[in-house]
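Single-structure report; data block below.
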Protein chains: 2
Amino acid sequence: MSRTTINDIAALAGVSKGTVSRVLNGHPRVSERSREAVWRAIEQTGYRANVHARSLATGRNNAIALLIAAASDQLFSDPTFAELIEGVRDGLLETDLSLVILMGGSETEDHRTVSYIKAGHVDGLIHLNPFFDDAITAGLPDCALPLVLCGPRPPIPLPRQNWVVTLDDAGGVRQALDHLASRGAHKIAMIGGDPRGVSATVRFQAYRDWLGASFDPDLFEPGDYGAGSGQVALARILDRHPRVDAVFCASDRMAIGALETAYRRGLHVPEDLLVMGFDDHRIAALADPPLSTIRQPIREIGRTAVQTLLAAIAGETPSDKVFPTHLVVRDST
Amino acid sequence: MSRTTINDIAALAGVSKGTVSRVLNGHPRVSERSREAVWRAIEQTGYRANVHARSLATGRNNAIALLIAAASDQLFSDPTFAELIEGVRDGLLETDLSLVILMGGSETEDHRTVSYIKAGHVDGLIHLNPFFDDAITAGLPDCALPLVLCGPRPPIPLPRQNWVVTLDDAGGVRQALDHLASRGAHKIAMIGGDPRGVSATVRFQAYRDWLGASFDPDLFEPGDYGAGSGQVALARILDRHPRVDAVFCASDRMAIGALETAYRRGLHVPEDLLVMGFDDHRIAALADPPLSTIRQPIREIGRTAVQTLLAAIAGETPSDKVFPTHLVVRDST
DNA sequence: CAATGGTGGGTAACCGGTTCCAGCGAAGTT
DNA sequence: AACTTCGCTGGAACCGGTTACCCACCATTG
């Protein structure tokens, strides 16, 4: 009644378990006759190797973890995460590795996550959104696993083996601001992302640098990437500066919230106010009016993160990758 | 340089590895002296048992899987999933089991998911949203793992060991409709959930049964639980039946979409149109106007699902659990 | 003082794979 | 014909835990 093991296959195929193992792992020096006999036995029984026995013997887990610093309610409302995860799954498709999603957020969760990693369940880590005060990342330096960051490298101690696969945040911001300026904007506000995240800060700094001496802190308002925060943020900015003629948002969802506020205040987009998003998520094209935005190759970032991590696990030394962004002009600017 | 093993601990504590194992597993017949020596050695070295060796020896995985039939973009936009997962994590908190989230959706994904389960990675399954034509569920009957369904039991072959932990969908629908009727509604429309899901169908049937002879198929419109679909669905219903005086939505997000359509059409809520949601998600209270809805103890369902599954894994025979819903009256009715 | 009973703990088998090593037979070389 | 060489395979050790079994030891008891 118990599962079939490699011994059963060996007996059935009339070979030793060593040979069965060699067949399973594609070892080159196995005779055609043995190989066939083994595969026949496997098909006949529906045999599947025991993952734990294999991991114990090889020392590999055949699994990687996806770290997410945000609490799960944020995670589950952010389509960018969904797409990044899709990309990661794409990258994993051809391998037989499995993917464990670990979420942080609360102190308990962060602790459990670090503990899980240290218990040796996985061979490598992909961190989706590094924070500054990231308890997960903070707990990692002393564990020897390779780590790939999908975002700018945070200024805290990191594991020795770490790589960055991300987009050119600063370049994207400059593309957006250049575009708004070319459309005649003089007073450009910005609605930023969650300030705990490293990439949000990089985007903010790019905005401040671009404005130089004319930077005005009252024209900046942080958000949390969600539509609601964009709505509130633009309202606050308009209360302080009714003459704002353009607003650049660090996510498409916040831009859609901003559109809502503009609508309620009787401001026409793009005549009275230029609005830009970031991401080029599906919802950007469906907005009213369709949203100009900065496209980031989010899915490809996910795929590349996996490739980089696999290379690192295999002992190679991959390099960091920073993807360029693209300006997408629609009707909101 | 390699990890410390149970042998190192045994040597350090001056006992045999059997004793170390007994200490680790809380075996009662270990002397105070040995126990202390072992714990001291463990603290000193930061020892952690190898999960694979343990699983191999015990035959247990110490892991359960969470199945989600929907594609990941749906998953990541549905706050109900997020909360259900929170509940599951709550339930798992005291155990040392780990949680693997498996998403279906496409044919490849479903296949990979079933394959993962059959490879023997987990000890039990929690299925979050059973579908009718659910490839994951369909692939499960012949694997002997216990399965807990967070939703009505679908009318397809299931694994022998299966339990249901869910809410009283039909009762909730009746509560909503009774309430709308008590507010004077005569022509009650319904916006349903994704018709592939079993619980959406149960809710629809409850609606039809409640209306009896006066049921009119033109007053029903399916959605996908998202705000956008609620918006479109109410528009369609109003086009067919401008005199509708109440609409019951199978999710709060769809209800919020419906509010938007009502607003755009100049209908005042609740004067011209009563609107009800389902779930009592956080957003319901924040809607404008605040949404009357049916509260479901979603988080508790998650917690209970875990308890039921753990009991089943332990060889006990738990019973199905159906939670009652509660009417929450706010300003939209 | 011998028989008894219970407790603590050492030993070894076992879980199901991988991999190194040695041996064997066939083919090639001198 | 004897000696290499080479491809293939069986056997055994090993990965790091758990657990059944057995024995030594000590405290009771008759």
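For clarity, every value in this text was computed on a predicted model and none was experimentally measured. Proteins get letters first, then strands, A, B, ... in listed order; numbering begins at 1 in each.
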Legend entry - Atom pair distance, as rounded to whole Å: CG in B:Leu56 and C1' in D:dC14: 12 Å
Inset, instruction - Assign the ring pair A:His121 / A:Tyr116 to parallel, tilted or perpendicular, where the plane angle (0 to 90°) is split at 30° and 60°. - result: parallel
Inset, instruction - Verify, without hydrogens or angle tests, whether B:Ser115 (side chain) and B:His111 (backbone) share a donor-acceptor contact under 3.5 angstrom. - result: no
Legend entry - Within residues 301-311 of chain A or reaching into it, pairs that qualify as side-chain hydrogen bond (donor to acceptor under 3.5 Å, both in side chains) - sequence neighbours excluded: A:Asp90-A:Arg303
Inset, instruction - Grab the CG-C1' distance between B:Asn50 and D:dG16 for me, whole Å please. - result: 6 Å
Inset, instruction - Under 4.0 Å from any atom of DNA chain C, heavy atoms only: list the residues of residues 19-35 of chain A that qualify, in numerical order. - result: A:Ser21, A:Arg22, A:Asn25
Legend entry - Atom-to-atom span, CD1 of A:Ile42 to P of C:dG17 - whole angstrom: 10 Å
Legend entry - Any N/O donor-acceptor pair, A:Lys17 side-chain to D:dG11 base, under 3.5 Å: no
Inset, instruction - Using atom types as modelled and distance alone, determine if a side-chain donor or acceptor of A:Thr58 lies under 3.5 Å from a backbone N or O of A:Arg54. - result: yes
Legend entry - Between C:dT18 (P) and A:His52 (NE2): distance, integer Å: 14 Å
Legend entry - Spacing between A:Asp8 atom CG and C:dC15 atom P, to the nearest angstrom: 11 Å
Legend entry - Side-chain donor/acceptor of B:Arg153 to backbone N/O of B:Leu158, under 3.5 Å: no
Inset, instruction - Measure from the side-chain heavy atoms of B:Thr5 and tell me the nearest of C:dT18, C:dG16, D:dG16. - result: D:dG16
Legend entry - Value in whole Å for how far the C1' atom of D:dG17 lies from CD1 of B:Ile9: 13 Å
Legend entry - Integer-rounded Å distance: C:dC14 C1' and A:Ile6 CD1: 16 Å
Legend entry - Whole-Å gap separating P (C:dG17) and CZ (A:Arg3): 7 Å
Legend entry - A:Ser16 vs D:dG10: side-chain N/O to OP1/OP2 distance below 4.0 Å: yes
Legend entry - Sidechain-backbone polar pair: A:Arg35 side chain, A:Val30 backbone, donor-acceptor under 3.5 Å: yes
Legend entry - Qualifying residue for side-chain contact (heavy atoms from CB on, under 4.5 Å) with A:Ile313, from A:Val122, A:Asp123, A:Leu145, A:Asn61: A:Asp123
Inset, instruction - Indicate, with a heavy-atom threshold strictly under 4.0 Å, whether A:Val51 touches base, sugar-phosphate, or nothing. - result: nothing
